[in-house]
Amino acid sequence: MRHGEVHNPDGLLYGRLPGYHLSELGRKMAERVAEHLTPRDITHVVASPLERAQETATPIAKAHGLDLATDARLIEADNVFQGKTFGVGDGALRNPDNWKHLVNPFRPSWGEPYVDQVVRMMGALNAAKDAARGHEAVLVSHQLPIWIVRSYVERRRLWHDPRKRQCTLASLTSFTYLGDKIVSVGYSEPAIDLVPAHLRAGAKPQKGSDVQGKAFGA
């Protein structure tokens with residue numbers, strides 16, 4: 001699961017910075033998904049250590065009477081633009097100081113290599129699978145790592161247009177295992193009616209929009 005909407009009035013690319021919590025709308029998203037998942041056979045709930053992921057996972061764990069676990073491998077991707085505004089139309093691409101970080105979109109040169117994200121996210125998936133073997137687990141993470149591990153499992157190239165990620169706020173990307181092998185991937189958006197149109201998967205970025213419109217992850 002991707003976390004819910006974050007309170008981010010300055011429009012920063014907050015990345016791994018502490019202190020970024022769910023907005024009121026984000027809390028409603030988390031509650032909606034918790035309600036949606038109530039009938040599921042969930043025996044393990046684990047989240048990224050960042051506040052927004054922990055707060056998103058808490059109502060799900062509570063609904064199933066479970067303790068919330070933390071796995072650092074689910075954390076947001078590292079990014080050199082963390083703490084800055086970096087989005088479509090904000091002039092960041094015209095700043096020469098940024099050019100050295102944009103030379104290789106295939107790695108990518110502005111942050112954590114895609115391959116490293118695959119390794120840690122697959123490790124987190126497999127650990128959750130073992131913890132909930134025969135049942136279901138919920139992992140709460142962040143847009144880019146979720147999209148990258150899905151791309152890997154579905155055998156797509158890892159470099160991509162960030163605007164085309166199918167990973168809306170509070171969405172569920174589901175991996176089904178048969179034994180120790182992933183046999184299918186699903187995607188659903190149980191809180192889509194709460195997600196502003198410009199933050200939905202595939203929406204065109206708008207100047208000054210929140211994380212979905214940022215060029216390098218959220």
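Remember, it's a predicted structure, so these values are computed and weren't measured experimentally.
Contact of the Val46 side chain with the Val138 side chain is not registered, since no non-hydrogen atoms from C-beta on lie closer than 4.5 Å. With a 4.5 Å cut-off on side-chain heavy atoms, Met1 and Leu139 do not count as touching. Proximity of Met121 to Leu74: side-chain heavy atoms (C-beta onward) are separated by under 4.5 Å at one or more points. You'll find the side chain of Val153 reaches within 4.5 Å of the side chain of Met122, heavy atoms only. When side chains are defined from C-beta on, Val183 does not count as touching Tyr177, because their heavy atoms never get closer than 4.5 Å.
Arg40 meets the side-chain hydrogen bond (donor to acceptor under 3.5 Å, both in side chains) test with Glu136; sequence neighbours excluded. Listed by chain and residue number, Arg27 satisfy the salt bridge (charged side-chain N to carboxylate O under 4.0 Å, His left out) test with Glu55 (two or more places apart in sequence, or in another chain).
Both Tyr114 and Phe175 sit in one connected hydrophobic cluster of ILVMFWY residues. Membership requires side-chain heavy atoms under 4.5 Å apart, directly or through other members. In the hydrophobic clustering of this structure, Val195 does not group with Val33; members are Ile, Leu, Val, Met, Phe, Trp, Tyr whose side-chain heavy atoms approach within less than 4.5 Å, directly or through other members. Criterion: ILVMFWY side-chain heavy atoms under 4.5 Å apart, direct or through other members. Under it, Leu144 and Trp159 are part of a common hydrophobic cluster.
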Item to check | Chi angles and distances behind the side-chain contact (heavy atoms from CB on, under 4.5 Å) call for Ile42, His135 | outcome: CA-CA 6 Å; Ile42 295 167; His135 305 277; over 6 Å; no
Checklist entry - Passes side-chain contact (heavy atoms from CB on, under 4.5 Å), His7 versus Leu22? Steps please. => result CA-CA 6 Å; His7 180 65; Leu22 292 182; over 6 Å; no
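Within a 6.0 Å radius of CG in Asp67, other residues, nucleotides and ligands contribute 12 heavy atoms or fewer.
Scanning both residues, Leu158 and Val118, for their nearest heavy atoms gives CD1-CG2, 4.0 Å. Leu194 and Pro196 make their closest contact through O-CD, 3.4 Å (heavy atoms, listed as atom of the first residue, atom of the second, distance). Minimum heavy-atom separation, Met29 to Ala170: CB-CB, 3.8 Å. For the residue pair Pro145 and Arg120, the shortest heavy atom distance occurs at CG-NH2, 3.8 Å. Closest of all the heavy-atom pairs between Cys167 and Ser171 is C-OG, 3.6 Å. Between Thr43 and Ala132, the closest heavy-atom pair is OG1-CB, 3.4 Å.
We find the OH-CD1 distance between Tyr152 and Ile182 to be 8.5 Å, quoted to the nearest 0.5 Å. For the atom pair CD1 (Ile60) and CD (Glu35), the distance works out to 12.0 Å, reported to the nearest 0.5 Å. Here the straight-line distance linking atom CG of Leu169 with atom CG of Leu25 works out to 8.5 Å at 0.5 Å rounding. Going from atom OG of Ser151 over to atom NE2 of His160 covers 6.5 Å, rounded to the nearest 0.5 Å. To the nearest 0.5 Å, atom CD of residue Glu31 and atom OG1 of residue Thr58 are 9.5 Å apart.
His64 places no side-chain N or O within 3.5 Å of a backbone atom of Ala34 that could act as its donor or acceptor partner. The backbone N or O of Val185 sits nowhere less than 3.5 Å from a side-chain atom of Ser174 that would complete a donor-acceptor pair. Side-chain atoms of Asp161 come within 3.5 Å of backbone atoms of Arg163 as a donor-acceptor pair (strictly under, hydrogens ignored). Not one N or O on the side chain of Arg200 forms a donor-acceptor pair closer than 3.5 Å with the backbone of Thr168. The backbone N or O of Leu172 lies less than 3.5 Å from no partner atom in the side chain of Arg2, so there is not a single donor-acceptor pair.
There is no side-chain donor-acceptor pair under 3.5 Å between Gln54 and Ser48.
A salt bridge links Glu112 to Arg16: at least one charged side-chain nitrogen sits closer than 4.0 Å to a carboxylate oxygen. Taking 4.0 Å as the cut-off between side-chain N and carboxylate O, Arg32 and Glu189 do not count as a salt-bridged pair. Salt-bridge annotation for Arg73 and Asp116: absent, with no side-chain N of the basic residue lying under 4.0 Å from a carboxylate O of the acidic one.
In this structure, the ring of Tyr14 has its center no less than 6.0 angstrom from the ring center of His142.
The other residues sharing a hydrophobic cluster with Ile75 are Leu50, where clustering joins ILVMFWY side chains under 4.5 Å apart.
A side chain to side chain donor-acceptor pair (under 3.5 Å) with His3 holds for exactly one of Glu51, Arg52, Gln143, Glu76; it is Arg52.
Figure legend: Arg150 and Trp147 shown without cation-pi pairing, the cationic atom not lying both under 6.0 angstrom from the six-membered ring centre and within 45 degrees of its axis.
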